[in-house]
Amino acid sequence: MKNRNVYFALVLATLLLVFGVWILAFFRSTLVTKRMETPQAPPRQNAKAPAVPQLFNPPRPEDAPESIRAEVMLGYRIMTETKKYAGKYINNDLSCTNCHFDGGRSINSISLVGVGARYPLFRARRDYTADLTLRTQGCFERSMNGTAPAYNSQIMQSLLVYFQWISKGIPIYAEQPWTLPHDLGNSHKPDVANGAKVYTDVCARCHGDNGQGTPIAPPLWGDGSYNDGAGMHRIRTFSVFTWRYMPKSAPTLTQEQALDVAGFVHEKPRPKLVSTHPDKVEQIIPLSEVK
Ligand code: HEC
Ligand code: HEC
């Protein structure tokens with residue numbers, strides 16, 4: 001009799017175990033299918049932490065070898081306290097880190113990790129292949145509404161050393177899945193009126209009622225913001241950035257809301273690009289003829 005009870009208990013426990021495992025597997029597979037619907041699923045707080053690609057492992061600035069440490073630290077400070085360390089070259093209230101979080105070291109922003117292994121790169125906007133100096137000068141003139149530091153300036157050289165250091169260990173031209181996607185891949189047409197509502201409901205408490213910024217978040221339009229030549233001024237870039245990373249640390253918008261608020265912000269006034277850079281490099285030998 002006793003043996004039979006033990007036997008039944010054992011059978012019951014085994015059944016419960018099998019059932020439990022089955023239920024778990026079921027929920028996991030629905031989760032996986034859900035994720036597959038959005039191939040570029042953002043690292044949302046409520047979702048399981050995304051698997052960090054193995055290559056993404058930026059070293060800390062303070063761990064740089066002594067021979068380059070001071071330069072790497074200066075580069076990091078230029079990124080995070082731009083006005084203080086490169087004030088001469090900028091003309092708005094932003095810091096590089098406002099878009100490239102943690103000086104570009106964060107995977108949850110427009111990351112600059114690996115940028116040293118990604119350039120020189122063909123840039124369709126200008127129809128030429130640019131190195132990292134030309135690319136960085138673009139962010140000074142556009143995102144920072146400023147002037148480009150020269151190649152042989154301390155500011156530029158420190159940034160280049162810093163970019164190289166945080167790209168340590170990444171093979172040249174390796175695939176870097178953490179870079180910002182080109183767009184959301186969603187054909188929804190921005191609804192500016194709904195964007196205004198999204199702005200008031202979600203963004204204003206940090207970025208200010210008039211997009212002017214507050215002590216906790218930088219401006220989104222007006223004199224203190226990026227100019228109309230900046231990458232962030234494109235609806236596709238603003239929307240993919242906002243959908244993935246805003247509100248900071250706890251993104252909540254749907255893709256449609258992100259496109260709507262991008263459309264709303266796009267219509268607001270901001271500085272005009274005044275570039276001192278030639279928009280094209282002088283091409284003596286047409287690339288199309290090079291075999
Ligand atoms: C208003 C937002 C914003 C600010 C501020 C900003 N950037 Fe950028 N930056 C961008 C965007 C958008 C891109 C393009 C990203 C893309 O297309 O992948 C970019 C790209 C870059 C790239 C090339 C990255 C790549 O993967 O191709 C570098 C380097 C860079 N920025 C450096 C800087 C530096 C240095 C500063 C400060 C002086 C700065 N940025 C300030 C928005 C900004
Ligand atoms: C909880 C506060 C908070 C909320 C809410 C928030 N943001 Fe931000 N946002 C930030 C902070 C902080 C930064 C700068 C991050 C840094 O420097 O590390 C930022 C940066 C940005 C930037 C890039 C820098 C710039 O000023 O151009 C954009 C664009 C942006 N936010 C858009 C939005 C939009 C659109 C919304 C509403 C959907 C939103 N944010 C809601 C805190 C917030």
Side-chain angles (χ1 to χ4, degrees), residues 75 78-83 85-86 89-90 92-106 108-121 123-125 130-146 148-149 155-156 158-160 162-163 166-167 176 178-183 195 198-208 211-222 224-227 230-234 236-254 257-265 270:
I78 294 167
M79 293 295 300
T80 51
E81 299 169 73
T82 315
K83 193 155 247 166
Y85 288 95
Y89 297 104
I90 70 164
N92 65 13
D93 298 334
L94 298 182
S95 255
C96 311
T97 203
N98 292 153
C99 296
H100 306 288
F101 303 167
D102 189 20
R105 295 179 73 254
S106 164
N108 291 321
S109 77
I110 308 176
S111 177
L112 297 179
V113 170
V115 83
R118 205 144 67 227
Y119 280 78
L121 187 74
R123 301 203 64 211
R125 161 149 96 182
D131 68 5
L132 202 42
T133 307
L134 274 175
R135 181 63 189 86
T136 303
Q137 287 175 327
C139 255
F140 271 94
E141 287 196 332
R142 296 157 187 265
S143 301
M144 308 302 288
N145 190 38
I155 300 286
M156 183 56 74
S158 305
L159 284 172
L160 293 177
Y162 169 74
F163 291 154
I166 62 169
S167 305
Q176 297 178 19
W178 54 86
T179 55
L180 191 77
H182 186 259
D183 55 40
V198 173
Y199 187 81
T200 314
D201 292 349
V202 186
C203 322
R205 74 184 158 100
C206 291
H207 289 284
Q212 77 281 16
T214 68
I216 44 173
L220 293 185
W221 67 83
S225 186
Y226 51 86
N227 68 37
M232 199 57 95
H233 186 56
R234 287 185 298 236
R236 63 171 169 81
T237 305
F238 189 103
S239 58
V240 74
F241 175 90
T242 297
W243 181 68
R244 292 194 149 217
Y245 312 126
M246 285 295 135
K248 199 180 172 201
S249 316
T252 50
L253 300 191
T254 62
Q257 287 175 318
L259 281 157
D260 292 349
V261 76
F264 168 73
V265 172
R270 63 181 61 260

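Predicted model only: the values in this text are computed from it and were never measured. Atoms within each ligand, like the ligands themselves, are counted from 1 in listed order. We're numbering straight along the sequence, starting at 1.
Ring to ring, F238 and W243 are not that close: their centroids are 6.0 angstrom or more apart.
Against a heavy-atom cut-off of under 4.0 Å, S143 is close to the following atoms of ligand 1: 3 (C), 4 (C), 5 (C), 6 (C), 7 (N), 41 (C), 42 (C), 43 (C). Atoms of ligand 1 found under 4.0 Å from any heavy atom of M79, numbered from 1 in the order shown, are 35 (C). Close approach of ligand 2 to L253 (heavy-atom distance below 4.0 Å) involves ligand atoms 38 (C). Distances below 4.0 Å separate heavy atoms of V202 from the following atoms of ligand 2: 5 (C), 38 (C). Ligand 1 places these atoms under 4.0 Å from at least one heavy atom of C99: 1 (C), 2 (C), 3 (C), 4 (C), 5 (C), 42 (C), 43 (C). Under a 4.0 Å criterion applied to the non-hydrogen atoms of Y119, ligand 1 contributes the atoms 23 (C), 25 (C), 27 (O). For ligand 1, the atoms lying closer than 4.0 Å to a non-hydrogen atom of T136 are 29 (C), 35 (C). Below 4.0 Å from some heavy atom of M144 lie the following atoms of ligand 1, by number and element: 5 (C), 37 (C), 38 (C), 41 (C). Remark: ligand 1 atoms within the under-4.0 Å shell around heavy atoms of L112 are 22 (C), 24 (C), 28 (C). Close approach to P219 involves these atoms of ligand 2, each under 4.0 Å from a residue heavy atom: 25 (C), 26 (O), 27 (O). Counting the atoms of ligand 2 from 1 in the order shown, those under 4.0 Å from a heavy atom of A217 are 10 (C), 11 (C), 42 (C). Set against the non-hydrogen atoms of C206, the atoms of ligand 2 under 4.0 Å away are 1 (C), 2 (C), 3 (C), 4 (C), 5 (C), 43 (C). Each of the atoms 16 (C), 17 (O), 18 (O) of ligand 2 lies under 4.0 Å from some heavy atom of T97. Residue I216 has at least one heavy-atom neighbour below 4.0 Å for each of these atoms of ligand 2: 12 (C). Of all atoms in ligand 1, numbered sequentially from 1 with element shown, those under 4.0 Å from a heavy atom of S95 are 5 (C).
Geometrically, ligand 2 and D102 share no nitrogen or oxygen pair separated by less than 3.5 Å. Ligand 1 has an N or O atom lying under 3.5 Å from an N or O atom of R118, backbone or side chain. Considering backbone and side-chain atoms together, Y226 places no N or O closer than 3.5 Å to any N or O of ligand 1.
Of the options Y245, F241, F238, F101, the smallest heavy-atom separation from atom 15 (C) of ligand 2 is shown by F101. Closest heavy-atom approach to atom 6 (C) of ligand 2 among the candidates H207, R205, Q257, H233: H207.
Atom 19 (C) of ligand 2 has M246 CE, 3.3 Å as its closest protein atom, hydrogens excluded (heavy atom only). Among all protein heavy atoms, the one lying closest to atom 38 (C) of ligand 2 is C203 SG, 2.7 Å.
For residue C139, an N/O/S atom approaches atom 8 (Fe) of ligand 1 to within less than 2.8 Å.
Under 3.5 Å, the side chains of N145 and N92 contain no donor-acceptor pair of N or O atoms.
Rounded to the nearest 0.5 Å, atoms OG (S143) and CG (L94) are 8.0 Å apart.
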